[in-house]
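For the numbers below, each heavy atom of this structure counts, side chains included, while hydrogens, waters and symmetry mates do not. From a predicted model like this one, the values you see are computed outputs, not experimental measurements.
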Amino acid sequence: MTMKSDIEIARAAPRRPMAEIGAKIGIPEDALIPYGRDKAKVDAAFLKGLEGRGEGKLILVTAVNPTPAGEGKTTTTVGLGDALSHIGKRAAICIREASLGPNFGMKGGAAGGGLSQIVPMEDMNLHFTGDFHAITAAHNLLAAMIDNHIYWGNHLGIDTRRVVWRRVLDMNDRALRDVVVGLGEPGNGFPRQTGFDITVASEVMACLCLATDLADLQARLGRIVIGSDFERRPVTCADLKADGAMVVLLREAMQPNLVQTIEHTPAFVHGGPFANIAHGCNSVIATRAALRLADYVVTEAGFGADLGAEKFFDIKCRKAGLSPAAAVIVATVRALKMNGGVVRADLGAENVAAVTAGCANLGRHIANTRGFGVPVVVAINHFDADSEAEIAAVQDYVAAQGCEAVLCHHWAEGGAGAAELARKVVALTEQPSRFAPLYPDAMGLFEKIETIAMKIYHAGEVVAAPQIRAQLKAWEAAGYGDLPICMAKTQYSFSTDPSLRGAPEGHVVPVREVRLSAGAGFVVAICGEIMTMPGLPRVPAAETIGLDATGAIEGLF
């Protein structure tokens, strides 16, 4: 029997009216703004009325370092949300929207998998409700206003050599990393070197995801530093009077999107910052809404726990005042084998020794997550090729860490296949969570970078050029020293070398650039060879995505 693809499963799944989905968590129909038959935004006035309500329990789903074998973190997030509903709990899911870049690059889809998916799968993976287009437009409006201001006399005295605001596009396109604008006739402006980042790395994206309402969003946008003047004083978005127009473009994008899973669990899908080059969490406004409407809220942070979970704890929770009740670390036998040295072609063969060796990566993530004071359980996302001996090896290793690993079958069975995990998570949330960020606000910026590298990555040293250290000191003197750090590095390793799997120690973390995101409220440290504008792989997923004879989309996995 041929297994159906994810997109075939999602397309065949019956959907309930959005009014019914909203009613499950107390959202009245008149608070839903329909986007077609199966998507809706939640009205801002309704969300404002939720302020002061008690909040449910927040559960983070994170994972081991990603490998080409796949871990199924989003699949597990959806499966756990459905499982909580399955055991009779009032649950909601909060995840990020999908970027077109990785969808057409490597992943081909980001709505979960099997029977643990969010629908409509095609819409969520493509243009959805247009939020990313609005963010792209708002970001590029500011870029246009910078060059326009310089063209018409530059009364702010912007130093064109020190403009740091780049343009964005929600696509992987390496050719746009470094460009020169303003070439040609004098009417085209003043030539200067700049470049493009991917939209999900935009500070506008981060501002939207961390803002509490439109007024807070405009204030954050206004604080964005676009560069400096000839006296090296910062020039902001508010100085250019761009913040008002930008927030107008983002007015609808600020409202969270509500959809459903295949099993009709309400799901907020809102915002989409990358976790390797941004803070990697869904919006604060969506998370807060879900917590005030549901008893259990399952959210995820991008990539492995060294990136997504660390930023979830140190940036999102710190800034929003959130206190997670439990964390789930997703692992697969396949991913642990790869961390144990097995190449992808050999993953089908039983190899208990490689699984055991690869568990060092899982163990590091368990210890790191517990270090934030949050109770932890491991979810083994089951694949048919997993042997009983391999599964037992993972469970024995996790037990030796004083934790528990639960085998989950949510891909094939939906919520029922993760019911045991749901019960374990509920029990964990009854334990006291002593959540605390990794470092205090008052710590110096470079010391914060070192703390993350040493305590989370187990690095031996952080190296940075004198001008980078001087820039950090200058930002501290300017009043930005209390900001948290957003580390940008490869997602594939604890180190900055994507080929160094497992749990390396003593490696060097090179910081090649730092960026101030004053509006979002963090400082980005760009490490190793990570790019803020990714490129497409040799064979992009776009080559297999298209329409079939009936006009239906195929190829989105």
Side-chain angles (χ1 to χ4, degrees), residues 4-44 46-47 74-75 77-82 84-86 90-100 103 108-134 252-272 282-283 285-286 289-290 293-294 297-300 410 414-415 545 547-548 550-557:
K4 290 183 178 179
S5 66
D6 287 345
I7 194 168
E8 289 172 330
I9 294 170
R11 189 175 292 142
R15 298 170 200 177
R16 301 270 175 83
M18 290 310 302
E20 183 177 335
I21 301 301
K24 285 190 170 190
I25 50 174
I27 304 176
E29 186 173 2
D30 62 5
L32 296 175
I33 304 167
Y35 275 65
R37 297 186 180 92
D38 45 18
K39 307 181 292 294
K41 281 189 170 290
V42 184
D43 182 67
F46 171 76
L47 296 177
T74 303
T75 304
T77 301
V78 177
L80 175 57
D82 283 339
L84 287 164
S85 296
H86 179 79
R90 186 181 173 103
I93 295 166
C94 285
I95 68 170
R96 295 167 297 159
E97 301 174 53
S99 167
L100 295 179
N103 282 349
L115 292 179
S116 293
Q117 292 190 68
I118 287 174
V119 291
M121 182 261 218
E122 299 102 316
D123 290 0
M124 184 191 150
N125 282 314
L126 298 173
H127 303 288
F128 202 32
T129 59
D131 293 345
F132 281 22
H133 298 302
E252 292 184 0
M254 186 65 179
Q255 297 173 126
N257 308 298
L258 182 69
V259 285
Q260 62 189 288
T261 68
I262 286 176
E263 296 187 5
H264 317 300
T265 299
F268 291 89
V269 181
H270 195 220
N282 79 302
S283 74
I285 196 168
L293 293 165
V297 175
V298 184
T299 191
E300 68 172 0
H410 46 277
I545 295 173
L547 300 177
D548 64 18
T550 68
I553 298 168
E554 58 183 2
L556 276 175
F557 289 11

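- Summarising the geometry, atom CD belonging to Gln255 is positioned 6.0 Å from atom CG belonging to Asp43; distances are rounded to the nearest 0.5 Å.
- The shortest side-chain heavy-atom distance between Thr261 and Ser116 does not fall under the 4.5 Å cut-off.
- With contacts defined as side-chain heavy-atom distances shorter than 4.5 Å, the pair Asn257/Tyr35 does not qualify.
- Looking at Leu126 and Ile553, their side chains come closer than 4.5 Å, going by heavy atoms from C-beta outward.
- Within the 3.5 Å criterion, the main-chain N or O of Phe132 finds no donor-acceptor partner in the side chain of His127.
- Of all non-hydrogen atoms in Val269 and Phe128, the two that sit nearest each other are O-CE2, 3.6 Å.
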Checklist line | Step-by-step side chain to side chain contact (heavy atoms under 4.5 Å, CB included) determination, Phe268 to Ile93 | finding: CA-CA 6 Å; Phe268 291 89; Ile93 295 166; over 6 Å; no
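- The line from CG of Leu556 to CG of Asn103 is 6.5 Å long, rounded to the nearest 0.5 Å.
- Distance alone, capped at 3.5 Å, places no donor-acceptor pair between the Thr77 side chain and the Glu300 backbone.
- Using modelled atom types, no side-chain atom of Lys4 and backbone atom of Ala12 make a donor-acceptor pair closer than 3.5 Å.
- No donor-acceptor pair closer than 3.5 Å links the side chain of Gln260 to the backbone N or O of Pro266.
- Interatomic distance, CD1 of Ile95 versus CE of Met124, reported as 3.5 Å (0.5 Å rounding).
- Residues in residues 10-19 take part in these salt bridge (Lys or Arg N to Asp or Glu O under 4.0 Å) pairs, two or more places apart or across chains: Arg11-Glu122, Arg15-Asp38, Arg16-Glu20.
- When the shell of 6.0 Å around CD of Glu8 is examined, it contains more than 12 heavy atoms from other residues, nucleotides or ligands.
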Item checked: Pair Asp131-Arg96, salt bridge (charged side-chain N to carboxylate O under 4.0 Å, His left out): steps then yes or no -> CA-CA 11 Å; Asp131 293 345; Arg96 295 167 297 159; over 6 Å; no
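- Interatomic distance, OG1 of Thr299 versus CG of Asn282, reported as 4.0 Å (0.5 Å rounding).
- Residue Leu293 holds its CG atom at 5.0 Å from CZ of Phe46, rounded to the nearest 0.5 Å.
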Next item on the list: In sequence, state the C-alpha distance, the side-chain angles, and the governing distance for Ile7 and Glu554, and then conclude on side chain to side chain contact (heavy atoms under 4.5 Å, CB included).
Entry: CA-CA 7 Å; Ile7 194 168; Glu554 58 183 2; 5.7 Å; no
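- Take Asp123 and apply the side-chain hydrogen bond (donor to acceptor under 3.5 Å, both in side chains) test, not counting sequence neighbours, and it matches Lys39.
- For Ser283 against His270, the heavy-atom pair with the smallest separation is OG-ND1, 2.7 Å.
- In this structure, Gln117 contributes its side chain and Asp6 its backbone to a donor-acceptor pair below 3.5 Å.
- In this structure, the side chain of Glu263 engages the main chain of Gly415 through a donor-acceptor pair within 3.5 Å.
- Rounding to the nearest 0.5 Å places OG1 of Thr75 at 12.5 Å from CG of Leu80.
- When all heavy atoms of Pro256 and Ile285 are compared, the closest pair comes out as CG-CG2, 3.9 Å.
- Of all non-hydrogen atoms in Ala10 and Ile262, the two that sit nearest each other are CA-CD1, 4.4 Å.
- The two residues Ala289 and Leu47 have their closest heavy-atom pair at CB-CD2, 3.5 Å.
- Ala134 and Ala253 get closest at one heavy-atom pair: CB-CB, 4.0 Å.
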